[in-house]
Q: 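Structure provided below as structure tokens; questions to follow.
Order of listing sets the numbers, starting from 1, for every ligand and every atom in it. We're numbering straight along the sequence, starting at 1.
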Amino acid sequence: MNFLKGTKIYSILTGSCPVCHEESMYKESNPYKLSQTLKMHERCSHCNTKYKIEPSFFYGAMYVSYPVGIAFAVAAFVISNLFFKLNLVTTFIIIVGTMIVFLPVIMRISRNIWINFFKHYKKEKKLS
Ligand SMILES: [Zn+2]
């Protein structure tokens, strides 16, 4: 994963600070601790970036979660219907199951993509 450092992909996949990529934005690394899924630090302790740029900033992530959810659904469809040749009803059930099982991941990825629209990677700046 480290070879991706400095790219938005790295921040999006790891949930790391979008500016310095040095630490996670989330308090809990496991998204499946459901009470903790969306708990985030106020600021990056490394570069002091404020994650919640403005009040209810992350509501915008809902717009992102739609295409992200579709991406997961398409992946589930391709794997079960085209790859394993399951019928459409089974495929549909698998798609719904996939959406539910991956919901915490989808929510986090959506937030990561959303914040990466607004914050950009900066190579190590020395805090003076
Ligand atoms: Zn940072």
Q: Angle at the Zn ion (ligand 1), SG of Cys17 to SG of Cys47, rounded to 10 degrees, please.
A: 110°
Q: Tyr26 ring centre to Arg108 NZ or CZ under 6.0 Å, with the angle to the axis within 45°?
A: yes
Q: Answer yes or no as to whether an N/O/S atom of His46 is found below 2.8 Å from the Zn ion (ligand 1).
A: no
Q: Indicate if Trp114 and Met25 have the same hydrophobic cluster label, given that clusters are the connected sets of ILVMFWY residues with side-chain heavy-atom separations under 4.5 angstrom.
A: yes
Q: Report yes or no: does His21 have an N/O/S atom closer than 2.8 Å to the Zn ion (ligand 1)?
A: no
Q: Hey, what's the ring geometry for Phe57 with Phe118, parallel, tilted or perpendicular (30° and 60° as the breaks)?
A: perpendicular
Q: For Asn87, which residues count as a side-chain hydrogen bond (donor to acceptor under 3.5 Å, both in side chains) partner, sequence neighbours excluded?
A: Thr90
